[in-house]
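Whatever order the structure lists them in is the order used to number ligands and atoms, beginning at 1.
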Amino acid sequence: MTAHTWRNWSGTVTAHPARIVAPRDEGEVADLVRSAGAHGQRVRVAGAGHSFTPAAATEGTLLQLDLLDGLEHIGQPAPDGSRLVRVGAGIRLRDLTQQLAARDLAMENMGDIDAQSLAGAISTGTHGTGARLGGLATQVHALRLVTAEGQIRDISPERDADLFELARLGLGTAGVLTAITLRCVPAFTLTATEAPLPLDHVLESLGELLAADHFEFYWFPRTEVALTKTNTRDGSCPALPAARRILEDEVLSNGLFEVTNRLATAVPALTPQLNRFAARALSARTYTATSPEVFVSPRRVRFTEMEYAIAADAVVPALREIQQWLHHSQENVPFPIEVRFAAADQVWLSTAYARPTAYVAVHQYHRLSHARYFRAVEAIMRDYDGRPHWGKLHRRRADDLASAYPRWADAHRVRTAVDPGSVFANSYTERVFSPATGRG
Ligand SMILES: Cc1cc2nc3c(=O)[nH]c(=O)nc-3n(C[C@H](O)[C@H](O)[C@H](O)COP(=O)(O)OP(=O)(O)OC[C@H]3O[C@@H](n4cnc5c(N)ncnc54)[C@H](O)[C@@H]3O)c2cc1C
């Protein structure tokens, strides 16, 4: 064991890298990669450690790119007002959205937190919700990366398109991303409408609900209630009074939620009542705020998570099967199931590749076992040709993932060409990308 210990946010991964280094610039990244390669050592980059999987773990050199977080360039506005913005790849989403807002710009779509690094978020296929919108990797216009040979390369769809595809969503196996050019849109506000509704009603009305810019819902296991969130662009409702926001987002969604989870852990028989209470504790509300304020919520209660992408039109039968399993197993699950949507995209290893997608995310409180629950849901999701989120827990391997991705062989070809010595591999990338007969 080395002196260094690295842990991820959820506590599901601990690693002991030989060294942890925070390079100050791209030149240092290239030197570190060359020297690690020369000593037969592997290299991984850790972003904010918010993956539940060991995506960033290594026993070799662990790079942290927190110092590569500057705003490097803003392009001229396109006719639709969008602009290309180049930033250091280590920038946290929170800092990025603040820098963009100061220039009247925004990310087109976001997930539900902003603690991640931009490079980490795109590398695992992080997404938000919106049936007409893709995940974060679809917002990437160009990249700069350091290859296994220590070369610094600028890549884009026009310049080395294949490498660009692997680099923009490939768990860091193409190289170390040092700068990312994003297509950003003019800053916008959202009107958020949040309301508890009967689950049956939500499942029957999905067609209409998905017409909204961003729709998602949280369904509390073994209840008939779904907490819906519908966000519409360019709204003009009043902002939430600060006191109400603190009461609902901090006290009820986090403080009280921690209490209900502890109670459910101590007295499992109470969980269905606690879930009904949790689903109704947040009353309906409508407010307008800037897009990052609406997309992002504080997440202070620790949990583990698995998320599967399935075809959007399979989501109702898939949820019904999960409902049946929960009913029969009486599993103790005090955390809601989150359901989101995305447009089909063309990113080779994207979970939404070539199909309109529904994301079904199951969570478990960190003090409760997730094993049986996640295994059961995973079995259901496999029957629906589900693709697991690269940053969230799952048990799939390369051999049974390959057929889920039409461009799998291309990704494999590019990976082995750009990193023949597997400098950027770790046990997780070997499990999910390398066929059992050999390393990729
Ligand atoms: C509370 C919570 C909420 C979440 N919400 C969402 C959500 O709404 N939607 C969603 O899709 N996901 C969500 N996630 C998952 C999360 O977005 C992803 O796991 C994301 O990868 C985490 O980013 P990170 O910066 O922590 O990256 P890490 O977990 O540190 O790293 C992820 C991967 O990126 C690689 N990497 C990082 N930086 C670089 C670089 N510079 N060059 C090359 N490779 C690099 C790492 O090696 C690793 O393989 C959530 C996770 C948590 C814990």
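Heavy-atom separations between Phe52 and ligand 1 include at least one value shorter than 4.0 Å. Proximity of Gly175 to ligand 1 is established by a heavy-atom distance of less than 4.0 Å. Under a 4.0 Å heavy-atom criterion, Tyr359 is not in contact with ligand 1. Residue Lys392 places a heavy atom under 4.0 Å from ligand 1. Distances shorter than 4.0 angstrom do not occur between any heavy atom of Ser10 and any atom of ligand 1. Within the 4.0 Å heavy-atom shell around ligand 1 one finds Arg340.
Counting the atoms of ligand 1 from 1 in the order shown, those under 4.0 Å from a heavy atom of Val176 are 42 (N). Close contacts between ligand 1 and Trp9 involve ligand atoms 1 (C), 53 (C) [criterion: under 4.0 Å to a heavy atom]. Listed by number with element, the atoms of ligand 1 under 4.0 Å from a non-hydrogen atom of Gly111 are 8 (O).
Residue Ala121 touches ligand 1 through its backbone alone, judged by heavy-atom distances below 4.0 Å. Only the side chain of Leu65 comes within contact range of ligand 1, with a heavy atom under 4.0 Å; no backbone atom does. Under 4.0 angstrom from ligand 1, there are no non-hydrogen atoms of Glu305. By the criterion of a heavy-atom distance under 4.0 Å, both the backbone and the side chain of His127 are placed next to ligand 1.
Other residues, nucleotides and ligands contribute more than 12 heavy atoms inside 6.0 Å of the CZ atom of Arg302. Other residues, nucleotides and ligands place no more than 12 heavy atoms under 6.0 Å from the CD atom of Glu149.
Residue contacts with ligand 1: Ala46 is placed with no nitrogen or oxygen under 3.5 Å of a nitrogen or oxygen of the ligand (distance criterion only). Ligand 1 has a nitrogen or oxygen under 3.5 angstrom from a nitrogen or oxygen of His50. Residue contacts with ligand 1: Ala89 is placed with no nitrogen or oxygen under 3.5 Å of a nitrogen or oxygen of the ligand (distance criterion only). Between Ser51 and ligand 1, at least one pair of N/O atoms sits closer than 3.5 Å.
Between Glu258 and Arg262, at least one side-chain N (NZ, or NE/NH1/NH2) sits under 4.0 Å from a carboxylate O, which counts as a salt bridge. The existence of a salt bridge linking Asp114 and Arg92 is excluded, since no basic side-chain nitrogen approaches an acidic carboxylate oxygen closer than 4.0 Å. A salt bridge does not link Glu338 with Lys392: none of the charged nitrogens is closer than 4.0 Å to a carboxylate oxygen.
Between Ser350 and the choices Thr138, Thr357, Asp345, the side chain to side chain donor-acceptor pair (under 3.5 Å) rule is met once, by Asp345.
In this structure, Arg415 satisfies the cation-pi test against Phe433, with its NZ or CZ atom closer than 6.0 Å to the six-membered ring centre and inside 45 degrees of the ring normal.
Looking at atom 16 (C) of ligand 1, its nearest protein heavy atom turns out to be Thr126 OG1, 3.7 Å. If you check which protein heavy atom lies closest to atom 40 (C) of ligand 1, you get Ala119 CB, 3.5 Å. Scanning the protein heavy atoms around atom 21 (O) of ligand 1, the nearest turns out to be Thr124 OG1, 2.7 Å. In terms of protein heavy-atom proximity, atom 42 (N) of ligand 1 is closest to Leu177 N, 2.9 Å.
Comparing Leu136, Val45, Asp112 by heavy-atom distance to atom 6 (C) of ligand 1, the nearest is Asp112. Across the listed options Trp390, Tyr428, Phe424, Phe303, Phe303 owns the non-hydrogen atom lying nearest to atom 1 (C) of ligand 1.
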>> Determine whether Thr351 and Tyr359 satisfy the following criterion, side chain to side chain donor-acceptor pair (under 3.5 Å), listing intermediate values before the conclusion.
In response: CA-CA 9 Å; Thr351 48; Tyr359 288 101; 2.8 Å; yes
